[in-house]
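The first residue of the sequence shown is numbered 1, and numbering continues consecutively from there. Keep in mind the model is a prediction, meaning the values are calculated, not measured.
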Amino acid sequence: MPREYRISDRPSHYRPLVDLLAASKDDEVVLTFKEIAALIGRPTLSETAILRPTWWRDKRNGPVVLWTAIGWQARAD
């Protein structure tokens, strides 16, 4: 992952996920929706995040901006 990327200091409940990705030495991280929800301190993810795979790539979403800023992409299978 490129280290020259910077992420916003803007608060986000997705920050723990971004921190996990930033610390990973792997090229791929696989998590379930439940694991992501637990990581960000939520009982579940939004219905949109679960039912619409495009949510994970839509750069208008704040969380997507965070992980793309550090060089990661997400996809829901």
Does Trp55 offer a backbone N or O that forms a donor-acceptor pair with the side chain of Asn61 under 3.5 Å? yes

Quick one: does any side-chain atom of Thr68 pair with a main-chain N or O of Val64 as donor and acceptor, under 3.5 Å? yes

Could you measure the distance from the [atom1] atom of [X] to the [atom2] atom of [Y]? Nearest 0.5 Å is fine.
X: Glu28; Y: Arg75; atom1: CD; atom2: CZ; value: 6.0 Å
X: Arg57; Y: Gln73; atom1: CZ; atom2: CD; value: 9.5 Å
X: Ile40; Y: Leu20; atom1: CD1; atom2: CG; value: 12.5 Å

Derivation of the side-chain contact (heavy atoms from CB on, under 4.5 Å) call for Asp77 and Val30: CA-CA 10 Å; Asp77 289 335; Val30 178; over 6 Å; no

Cluster overlap Leu51 with Leu45, hydrophobic side-chain contacts below 4.5 Å: yes

With side-chain contact (heavy atoms from CB on, under 4.5 Å) as the test, pick out the partner of Trp72 among Leu17, Leu66, Asp27, Leu21. Leu21

For the residue pair Lys34 and Thr32, establish whether any side-chain heavy-atom pair is separated by less than 4.5 Å. yes

Just say parallel, tilted or perpendicular for the rings of Trp67 and Tyr14, cut-offs at 30° and 60°. perpendicular

Closest heavy-atom pair and its distance - Ala76, Phe33: CB-CZ, 4.1 Å

